[in-house]
Amino acid sequence: MELLTIGAFARLSRLSPKALRLYDELELLRPARVDPDTGYRYYAAGQLGRARLVAWLRRLGMPLAGIRAVCALPPAGAAREIGAYWARVEAETAVRRDLAAFLVAELTGEPGREPMTMLELRHSAHTDRGLVRPANQDTVYAGRRLLAVADGFGPAGRSASGAAVAALRFLDEAAKPPADGLLGALEDAVRRAGEAVRDLTGGANDAGTTLTALLWTGSRLALAHIGDSRAYLLRGGELYRFTRDHRVEPRSLLLLKALTGDADPVPDLRLHEPLPGDRYLLCSDGLTEAVPDARIAELLGGGAGAEGTVRALVDAALAAGAPDNVTCVVADVTAPVRAPAAAGRPATPGEPVV
């Protein structure tokens with residue numbers, strides 16, 4: 001078997017000798033032979049395929065742990081894992097893009113510009129045990145400014161979801177919403193929720209909760225999200241999904257991120273400028289696992305008020321077997337009787353999901 005020196009192999013694989021030595025130490029790409037006297041590494045030509053895959057995955061920004069997992073899979077499985085990784089990257093990039101656009105607009109805004117339209121939010125909420133679970137571990141809150149859904153899991157799941165939502169309620173009870181630092185205030189509140197869950201569970205990781213919350217100022221909405229509960233927007237008959245599921249893989253029950261006893265929560269954050277006629281939905285996965293997005297869009301756009309729509313969504317989950325607890329909040333954005341002229345139409349929230 002003809003062997004290539006580390007230098008020759010580095011040129012052909014587009015990996016530096018330093019990277020090759022690192023991947024050897026990590027047992028990601030072992031050389032075919034190591035000289036026992038000099039320690040010099042030699043590689044087989046047949047290793048070039050794996051080496052080039054590693055190089056391409058590094059260019060994608062995939063962490064080494066992810067590369068190791070991809071390299072251990074057959075081609076079809078590796079392709080699925082790469083696709084799932086890139087979907088997560090795009091979702092995270094979209095959140096950061098929206099935040100960057102907001103900050104640029106705020107920092108470069110013209111002095112004395114026309115104020116934003118102050119809108120009203122009308123909402124309804126409901127939670128149901130479902131048809132299979134012995135208890136309801138979901139918690140829902142719908143106040144003047146705060147909407148929140150938390151889906152607890154584990155032996156103390158109900159207490160965890162309740163503690164997380166309770167830690168956010170001060171945002172709704174404040175004399176006025178934080179006009180500046182809205183996302184910062186919501187992120188701090190989520191961290192407080194994480195601390196409440198840790199105090200409750202004593203640091204154990206066998207219980208926790210998801211948390212998806214909207215904070216309303218009258219002209220803007222701030223979103224914080226961690227876990228696999230969801231937030232949607234129905235605008236102009238199109239359904240948009242604001243959140244991504246923090247799951248190990250799409251159909252997995254394992255969460256990459258949640259509020260648990262042994263994790264410091266790092267929520268997804270997003271700012272959104274609403275329009276009159278917008279309809280928002282916050283829900284636990286007991287709805288989305290039972291009812292497809294197309295049906296959710298149909299029910300949200302069916303013409304019923306917030307209360308009737310919440311009831312219809314829960315009934316649809318029950319009709320589909322409701323294997324999990326089902327919790328929904330529907331909120332409608334309406335213009336006041338005499339509203340000032342709007343400062344401009346917000347950007348399209350993204351691609352519709354149906």
Side-chain angles (χ1 to χ4, degrees), residues 1-100 205 225-228 230 241-258 260 262-270 285 289 293 350-351 353:
M1 178 177 62
E2 182 181 355
L3 296 179
L4 300 170
T5 66
I6 189 172
F9 192 78
R11 288 191 297 274
L12 291 172
S13 65
R14 301 181 181 87
L15 290 168
S16 69
K18 180 179 179 180
L20 288 172
R21 287 190 288 270
L22 172 63
Y23 298 154
D24 179 12
E25 293 170 2
L26 296 175
E27 300 183 357
L28 181 60
L29 186 60
R30 305 303 299 268
R33 177 177 178 270
V34 179
D35 188 289
D37 298 321
T38 65
Y40 205 72
R41 294 168 172 84
Y42 295 89
Y43 294 82
Q47 293 179 278
L48 282 171
R50 181 183 178 104
R52 287 169 178 161
L53 176 60
V54 171
W56 290 329
L57 293 175
R58 288 300 286 163
R59 290 182 65 184
L60 280 178
M62 182 176 286
L64 289 175
I67 293 175
R68 182 181 287 107
V70 168
C71 289
L73 294 171
R80 286 194 298 271
E81 183 61 28
I82 293 169
Y85 165 75
W86 193 247
R88 293 193 296 271
V89 170
E90 288 185 323
E92 292 167 356
T93 301
V95 171
R96 293 197 297 269
R97 180 194 62 216
D98 292 344
L99 178 56
N205 63 0
H225 165 72
I226 188 166
D228 62 356
R230 292 185 181 178
R241 181 171 150 194
F242 275 179
T243 56
R244 64 186 181 96
D245 296 339
H246 294 143
R247 292 180 180 177
V248 173
E249 55 186 38
R251 302 299 298 179
S252 173
L253 296 178
L254 299 176
L255 295 178
L256 288 168
K257 293 200 297 185
T260 62
D262 65 346
D264 185 26
V266 182
D268 292 347
L269 298 168
R270 179 170 183 165
D285 69 337
E289 290 298 302
D293 280 350
E351 292 298 321
V353 296

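All values reported here derive from a predicted model rather than from experimental measurement.
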State which residues pass side-chain contact (heavy atoms from CB on, under 4.5 Å) with Arg21; sequence neighbours excluded, sorted by chain then number.
Ile6, Pro17, Lys18, Arg41
Nearest heavy-atom pair of Ser16 and Ala10: which atoms, and what distance?
C-CB, 4.2 Å
Is there side-chain contact between Trp56 and Ile82, with heavy atoms separated by less than 4.5 Å?
no
Would the number of heavy atoms belonging to other residues, nucleotides or ligands and lying under 6.0 Å from CZ of Arg80 be above 12?
no
Using a 3.5 Å distance criterion without hydrogens, assess whether the side chain of Tyr85 forms a donor-acceptor pair with backbone atoms of Met62.
yes
Run Arg241 and Asp293 through salt bridge (charged side-chain N to carboxylate O under 4.0 Å, His left out) and show every step you take.
CA-CA 9 Å; Arg241 181 171 150 194; Asp293 280 350; 5.1 Å; no
A side-chain contact here means heavy atoms from C-beta on lying under 4.5 Å apart; do Leu15 and Tyr23 qualify?
yes
Rounded to the nearest 0.5 Å, what separation is found between the CZ atom of Arg14 and the CG atom of Leu48?
10.0 Å
Tell me the closest heavy-atom pair linking Phe9 and Leu29, and the distance in Å.
CE2-CD2, 4.2 Å
Hey, which of Leu256, Leu255, Thr243 is the one that makes side chain to side chain contact (heavy atoms under 4.5 Å, CB included) with Asp228?
Leu255
So, for Ala78 and Leu73, which heavy atoms are closest and what is the spacing to 0.1 Å?
N-CB, 3.7 Å
Would you say Arg68's side chain and Leu26's backbone share a donor-acceptor pair under 3.5 angstrom?
yes
What heavy-atom pair brings Ile226 and His246 nearest, and what distance separates the two atoms?
CA-ND1, 3.5 Å
Interatomic distance, Arg30 atom CZ to Arg50 atom CZ [nearest 0.5 angstrom]
11.0 Å
Taking all non-hydrogen atoms of both residues into account, name the closest pair between Cys71 and Val54 and its distance.
SG-CG2, 3.9 Å
Min side-chain heavy-atom separation Pro31-Tyr43 under 4.5 Å
yes
Hey, what do you get for OG1 (Thr5) to OH (Tyr40), rounding to the nearest 0.5 Å?
4.5 Å
